[in-house]
Amino acid sequence: MGETRRHSVDVPITRTLVALRRVRSLRDPCTTSMSKFASLLDNVKWETGSNNGISLQFVEHGDDPCKVDAGPGGLIPFGGSYSIMEKLENGCDLHKLSSKVVDVEGDASSRSRSPSSDRSVKGRELACNVPSVNHAEEEAASGGRYRNHYSTKLGSSVGEYGSRLGSPMTSTNHSYYGDEDVDFDNQSNRGCGITYCWSRTPRYRGSNQSSDVEEYPLLPGNGNGESDVTTPSHEVLPRSLSQKFRPKSFDELVGQEVVVKCLLSTILRGRITSIYLFHGPRGTGKTSTSKIFAAALNCLSQAAHSRPCGLCSECKSYFSGSGRDVMEIDSGKLNRASYLRSLIKSASLPPVSSRFKVFIIDECQLLCQETWGTLLNSLDNFSQHSVFILVTSELERLPRNVLSRSQKYHFSKVCDADISNKLAKICVEEGIDFDQGAIDFIASKSDGSLRDAEIMLDQLSLLGKRITTSLAYKLIGVVSDDELLDLLDLALSSDTSNTVIRARELMRSKIDPMQLISQLANVIMDIIAGNSQESSSATRLRFLTRHTSEEEMQKLSNALKILSDAEKHLRASKNQTTWLTVALLQLSNTDSSYFATNENERSQRSKDAELSSTSSDFPVDVVKSETEDCQERNCKETVETVWKTVTDLCCSDSLKSFLLKRGRLTSLTVDKGVAIAELEFYTPQHVARAEKSWKLIADSFQSMLG
Ligand SMILES: Nc1ncnc2c1ncn2[C@@H]1O[C@H](COP(=O)(O)OP(=O)(O)OP(=O)(O)O)[C@@H](O)[C@H]1O
Ligand SMILES: [Zn+2]
């Protein structure tokens, strides 16, 4: 015991630790939907490394262990009438048209329903505004056909945009889908960043484009000093299912019943306030709702509950993109002083031709403090007819005084069943063949975001085949429930080597550790909650029959605890594959002491960890000295588990029992593909014996670490 020797042996590993890299989780709100599929590519890249190694260090127990260091336009208003747009399309000179636009504006502002001519309107009341257009007549003339038109198209016209039941738009109107293009186009054209909503085309910016907002004041050309630029039109087709199926009426919004009810009631009662704040998770319909609400505010339909009707002149001009009183504001640009000034000026003027001038500020969390301050200070100067709709998915980033002055609407995650229904409808409309299981699976993986679900469906539909569950599994990069249950079964049955083999197989080829852990946790929760009985596969039934006893249920709930603790641990770890494997090997325990919660145990472990951390200098992802977090929790037990696994994996029984009896693992360090294991033995003889078998021991470590 007095003598201490340490031996370091480098053993090449043939592969890198595949799972060191993490694919962003499907549940990560910042994840763009396309990136969810990156795991497929990642796996390809990560198969190639071969220059890694395991280093084993043999140390005899001793008082003085000697250390061996190994290194490791303005609202470019549309001309206001189709005649002008047509002229523009035909190559007419824009500048010559400006006087015509003013004329049109003049007409518009003299209409009896225009609030600009009704300065006595108090508050923001809707009810008294009688449309100058005979709505019933108009409906008879054009709209009566509208719904029928849609229903005849349903399911029959794949690829024909706008063929949507209940939509306020005509099927030939493509503009709705184009608005995202418009924004993009604005940016690429250095435009002012403000667009009319639902516009049909990217905006014409005039011949001398400039990013200076003063050249594109937010003022329409209605005699109030507002700008008069119109745009030529070209059709913009939807680029994705989610663009194509953006809801255009309250009816079409999925899963936001409370919000819809409140907003409809607001419209019915005519109690319109000046700031609305739509917040909630991404892809749940906030932006769509802001547009629908903006349209509804100006809709001329007598039947308030059916606003926006899609048929009146206001709706038509809005949906066609020629409306001038609803503006989408680019939050980034609004931080510019000149741009902000223009907006404030515009908001203080009455609408051009509609009841309300609506400013939709999407991603408003991007506004800086000064911008908020200026906006709020100017509120009193704003027209009674200016309405702001703020949209954000990061409520916590908004100043408190903004929150307190807004009417807030929370958009909740859309439930899986609603998402499934919507996807199924889209498939029927688009003529896409699908398995219900695949649709349900997509819904369950979209974390309440209908947009994410639609994007997944879109991508699967590109394969041109029937959308099956296994196709969905492959594309989304997750493992099937059956595979999960198999793995869980092995882990719960203490089948160490097969657990390790199966887990590594899955993580190598299909899924990253964070995702695997979250899927395992979900499957366990389903089983505990008894949600898994319907349409159970043979594997599931087998699993259920094997794990029904009270003790098994206890194991499952401990497993859940272990996995949830391990997930936190994994987040901070560079070697996720190893630690997930270690966590899996703990699942067969009937107590959840692996990640102990007991304070005494914790502090004892902490001491152990500190002690052991003095025996190595490797500043990396290491059991003993990794992070305070790790030290606090479970270093000792983790090391013990790793050691047990490694010995279990030894192919020689005598070596296995020798290692278990005479030696122990004191630390394991993994850094940049190099693993360093530090072993202790009772006597120099044991060290010598272990040295003779170093290759076998290294092999076991290699199997364990992948
Ligand atoms: N509640 C919903 N009802 C119907 N469609 C929805 C809903 N939520 C999202 N969608 C679909 O997702 C697309 C994007 O929705 P939208 O832009 O309104 O979401 P969002 O909540 O504003 O997202 P973000 O916060 O990322 O801007 C829509 O075009 C639509 O196809
Ligand atoms: Zn209308």
Side-chain angles (χ1 to χ4, degrees), residues 29-33 126 129 131 133 135 138-139 142-143 146 164 166-169 176-180 183 197-198 238-260 267 278-320 323 328 331 354-355 360-366 389-395 409-415 418-419 421-423 425-426 446 448-458:
C30 304
T31 303
T32 60
S33 302
L126 284 168
N129 290 323
V133 183
H135 178 67
E138 188 172 289
E139 181 159 354
S142 63
Y146 172 74
R164 311 210 19 229
S167 160
M169 295 176 63
Y176 209 104
Y177 312 123
D179 61 309
E180 283 168 39
D183 284 342
C197 301
W198 316 75
R239 293 187 302 181
S240 65
L241 284 179
S242 92
Q243 272 184 10
K244 181 172 174 182
F245 288 89
R246 190 188 270 284
K248 304 170 207 70
S249 68
F250 287 119
D251 283 354
E252 292 178 4
L253 272 168
V254 175
Q256 306 297 354
E257 289 78 13
V258 177
V259 172
V260 167
I267 291 162
F278 293 175
H279 66 100
R282 293 197 172 277
T284 51
K286 301 180 297 295
T287 307
S288 309
T289 307
S290 69
K291 296 179 180 195
I292 295 169
F293 184 52
L297 285 175
N298 287 329
C299 173
L300 302 173
S301 169
Q302 303 278 25
H305 58 271
S306 63
R307 291 180 192 156
C309 68
L311 305 170
C312 69
S313 56
E314 280 291 332
C315 283
K316 278 180 177 166
S317 68
Y318 179 50
F319 290 135
S320 66
E328 274 188 57
S331 295
S354 315
R355 257 187 226 117
I360 299 175
I361 310 185
D362 208 347
E363 306 290 348
C364 68
Q365 76 277 1
L366 299 176
I389 307 177
L390 311 174
V391 182
T392 184
S393 46
E394 295 174 56
L395 192 68
Y409 290 85
H410 178 253
F411 286 67
S412 43
K413 289 184 178 179
V414 184
C415 74
D418 285 346
I419 294 180
N421 286 340
K422 177 74 183 180
L423 296 185
K425 270 189 200 157
I426 293 176
S446 58
S449 164
L450 187 45
R451 182 184 40 218
D452 281 14
E454 287 172 350
I455 290 175
M456 284 185 231
L457 182 72
D458 210 353

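Just follow the structure's listing: the first ligand is 1, and inside any ligand the first atom is 1.
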Nitrogen or oxygen atoms of Q256 and ligand 1 under 3.5 Å apart: no

Any N or O of V254 closer than 3.5 Å to N or O of ligand 1: yes

Backbone or side-chain N or O of T287 under 3.5 Å from ligand 1 N or O: yes

Closest candidate by heavy atom, reference atom 6 (C) of ligand 1, pool D452, V414, V391, L450: L450

Y409 and F278 aromatic ring geometry - parallel, tilted or perpendicular at 30°/60° bounds: perpendicular

Salt bridge present between R307 and E314 (N-O < 4.0 angstrom): no

For atom 19 (O) of ligand 1, the option (of S288, G285, S412, S449) bearing the nearest heavy atom: G285

Side chain, backbone, both or neither: E454 near ligand 1, heavy atoms under 4.0 Å: side chain

Donor-acceptor side-chain pairing of S393 and R282 below 3.5 angstrom: yes

Apex the Zn ion (ligand 2); atoms C315 SG and C299 SG; angle rounded to 10 degrees: 110°

Check: T284 side chain, P281 main-chain N or O, donor-acceptor pair, under 3.5 Å: yes

Interfacing atoms of ligand 1 (cut-off 4.0 Å, heavy-atom, L253): 1 (N), 2 (C), 3 (N)

Side chain to side chain contact (heavy atoms under 4.5 Å, CB included) evaluation trace for V259 with H410: CA-CA 7 Å; V259 172; H410 178 253; 6.0 Å; no

E252 heavy atom under 4.0 Å from ligand 1: yes

Non-hydrogen atom of F411 closer than 4.0 Å to ligand 1: no

Polar atom proximity, S393 to ligand 1 (N or O, under 3.5 Å): no

Selected option - heavy-atom contact closest to atom 9 (C) of ligand 1, from S242, G283, S240: G283

K286 N/O under 3.5 Å from ligand 1 N/O: yes

Close side-chain approach of L297 and R355, heavy atoms under 4.5 Å: no

Contact atoms of ligand 1, heavy-atom distance to T284 under 4.0 Å: 1 (N), 2 (C), 7 (C), 8 (N), 9 (C), 19 (O), 20 (P), 21 (O)

Donor + acceptor pair across side chains of S331, E363 (<3.5 Å): no

Check: L241 and I455 side chains under 4.5 Å, non-hydrogen atoms: no

Any donor-acceptor N or O pair under 3.5 Å, side chains D458, S240: no

Vertex the Zn ion (ligand 2), rays to SG in C309 and SG in C312 - rounded to 10°: 110°

Contact check, side chains of C315 and P308, non-hydrogen atoms, under 4.5 Å: yes

Ligand-side contact atoms (ligand 1) for residue partner P247, heavy atom cut-off under 4.0 Å: 4 (C), 5 (N), 30 (C)

